[in-house]
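Everything numeric here is computed off the predicted structure, so don't read it as measured data. These numbers come from the heavy atoms of this one structure, side chains and all, not from hydrogens, waters or symmetry mates.
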Amino acid sequence: MLSLATAVLLTAANAPATVTIEEWQVPWPDSRPRDPYVQSADRVWFVGQRSDYAAVLNPQTGDFERIDLPEGAGPHNIIVDERGAWYAGNKAAHIGKIDHETYEITQYTLPGDGRRDVHTQQFTVDGDIWFTAQGANQLGFYDAESNAIELYDVATKRARPYGLIMVDGQPWATLFGSNKLVTFTDSALKEVELPRPAANRPRRIAEGTDGGIYYVDYAGGYLGRYDRDSGAIEEWALPGGNAALPYAMAADDKGYVWFAETGPQPNRIVGFHIASETFTTPVEVPSGGGTVRHMVFDDASQSLWFGTDANTIGQAQISYD
């Protein structure tokens, strides 16, 4: 049984954390750089969705290195481990692995016919990969030992599986075309219905330090939390209101959930303090951002990394004073 706490716009004092944002202009124009992944302090990977490349930024020097992908790949997301950099071939129905030494690309083609649009990927602790396929209305699993890919149909039609994270060995994803989340448990997909069915469109997702599953409602301008133990759901109206269009999000290790409000121009980075249930003062993205679509937290640097439609890669350094 799901329970819902009344959604409120908080009027208490702002939470104390803030961010300082630095951006690097990507040298390949209008390429939609996105989905950074921090391999190390001097190697931040990302993909150019519109220009079929993966790239590495060295934040210490500002240098960029480009790796061309197969024409038409339409890379949407990239994740990195010791085996290579794994990109989502969103327009070409494959997961690609880039070798760290040679940059040779190995493609793992999704089975079946129709839409096979790999969207957002995450590693399991064993090095396998769970991913969403938005247009195909599926979640997928890549087995790293066998290189086999299995696809699971989402029961809700046109649900648009979108953001995905791993929590205690389970994938959790948003169903952007509905008011639902989905997870994989007991060998099957299980959907979780959220409140406000006519308006709630969860887009990105994160796990808070309290173990809660947090999501941003892109259509309604809310931050929500699903309690995995009790099934309770709480929601908070965002500082930007129903025009906030919250999109990218990530949780840090100090008890904050961060997100980008993409309705305001310039886009704004906002944090939510879990313990006090208060928001930080919004900070504008210097380039304007256009749309900040995905964000990751890097614990080593205590910062958030994101790409922008203004053709930049951004780092938001968090200060908790």
With respect to [X], which candidate in [options] satisfies the ring-ring contact (aromatic ring centres under 6.0 Å, His included) definition?
X	options	result
His94	Trp86, Tyr108, Tyr87	Tyr87
Trp172	Phe184, Tyr226, Trp130	Tyr226
Phe272	Tyr222, Phe279, Tyr215	Phe279

Determine whether Phe131 and Leu151 satisfy the following criterion, side chain to side chain contact (heavy atoms under 4.5 Å, CB included), listing intermediate values before the conclusion.
CA-CA 9 Å; Phe131 61 90; Leu151 300 171; 3.8 Å; yes
Is there a donor-acceptor contact under 3.5 Å from the side chain of [X] to the main chain of [Y]?
X	Y	answer
Asn137	Arg160	yes
Arg83	Ala144	no
Asp52	Gly72	yes
Gln134	His119	no
Thr174	Gly163	yes
Gln265	Gly290	yes

Distance check, rounded to the nearest 0.5 Å: [X] atom [atom1] versus [Y] atom [atom2]?
X	Y	atom1	atom2	answer
Ile98	Ile78	CD1	CD1	4.5 Å
Glu261	Leu238	CD	CG	5.5 Å
Asp128	Asp143	CG	CG	5.0 Å
Ile79	Thr120	CD1	OG1	10.0 Å
Arg32	His76	CZ	NE2	8.0 Å
Asn179	Arg196	CG	CZ	9.0 Å

Do you know which two heavy atoms are closest between [X] and [Y], and how far apart they sit?
X	Y	result
Ala15	His273	CB-CB, 3.6 Å
Ala136	Asp117	N-OD1, 3.1 Å
His294	Ala248	N-CB, 3.3 Å
Ala250	Leu304	CB-CD2, 4.1 Å
Ile313	Gly307	CD1-CA, 4.1 Å
Leu245	Thr262	O-OG1, 2.6 Å

With a 4.5 Å cut-off on side-chain heavy atoms, are [Y] and [X] touching?
X	Y	result
Val44	Gln315	no
Pro33	Tyr53	yes
Asp217	Pro246	no
Gln302	Asp253	yes
Val80	His100	yes
Val38	Ser301	no
Thr308	Asn267	no
Val19	Ser319	no

Intermediate values then yes/no, salt bridge (charged side-chain N to carboxylate O under 4.0 Å, His left out), Asp35 and Arg293
CA-CA 8 Å; Asp35 291 37; Arg293 300 168 183 271; over 6 Å; no
Other residues, nucleotides and ligands only: do more than 12 of their heavy atoms fall within 6.0 Å of CG on Asn242?
no
More than 12 heavy atoms from other groups under 6.0 Å of CZ on Arg158:
no
Regarding [X] and [Y], do their side chains bring together a donor and an acceptor under 3.5 Å, going by distance alone?
X	Y	result
Arg116	Thr109	no
Thr291	Tyr247	no
Thr278	Ser276	yes
Tyr37	Gln39	no

Among the clusters formed by ILVMFWY side chains lying less than 4.5 Å apart, do [X] and [Y] turn up in the same one?
X	Y	result
Trp45	Ile105	yes
Ile274	Trp236	yes
Tyr152	Leu175	yes
Leu139	Phe141	yes
Phe259	Phe306	no

Are Arg228 and Val167 close enough, and set up right, to give a side chain to side chain contact (heavy atoms under 4.5 Å, CB included), and what steps lead you there?
CA-CA 10 Å; Arg228 290 178 290 150; Val167 181; 3.3 Å; yes
Can you label the angle between the Tyr320 ring and the Tyr256 ring as parallel, tilted or perpendicular, going by 30° and 60°?
tilted
Would you please classify the geometry between the Trp28 ring and the Phe46 ring as parallel, tilted or perpendicular, with 30° and 60° separating the classes?
tilted
Taking the six-membered ring for Trp, are the ring centroids of Trp24 and Trp305 within less than 6.0 Å of each other?
yes
Would Tyr162 and Thr132 satisfy side chain to side chain contact (heavy atoms under 4.5 Å, CB included), going step by step from the backbone distance to the final call?
CA-CA 6 Å; Tyr162 209 87; Thr132 52; 5.6 Å; no
Starting from the C-alpha separation in whole Å, work towards a yes-or-no answer on salt bridge (charged side-chain N to carboxylate O under 4.0 Å, His left out) for Asp252 and Lys254.
CA-CA 6 Å; Asp252 67 20; Lys254 299 292 192 299; over 6 Å; no
Determine the sole option in Ile21, Ile318, Thr280 for which the side-chain contact (heavy atoms from CB on, under 4.5 Å) test with Ile269 is passed.
Ile21
SB check Asp68 Arg66 (cutoff 4.0 Å):
yes
Just do the side chain to side chain contact (heavy atoms under 4.5 Å, CB included) check on Arg225 and Asp210 with the steps written out, would you?
CA-CA 10 Å; Arg225 175 176 62 202; Asp210 61 347; 3.2 Å; yes
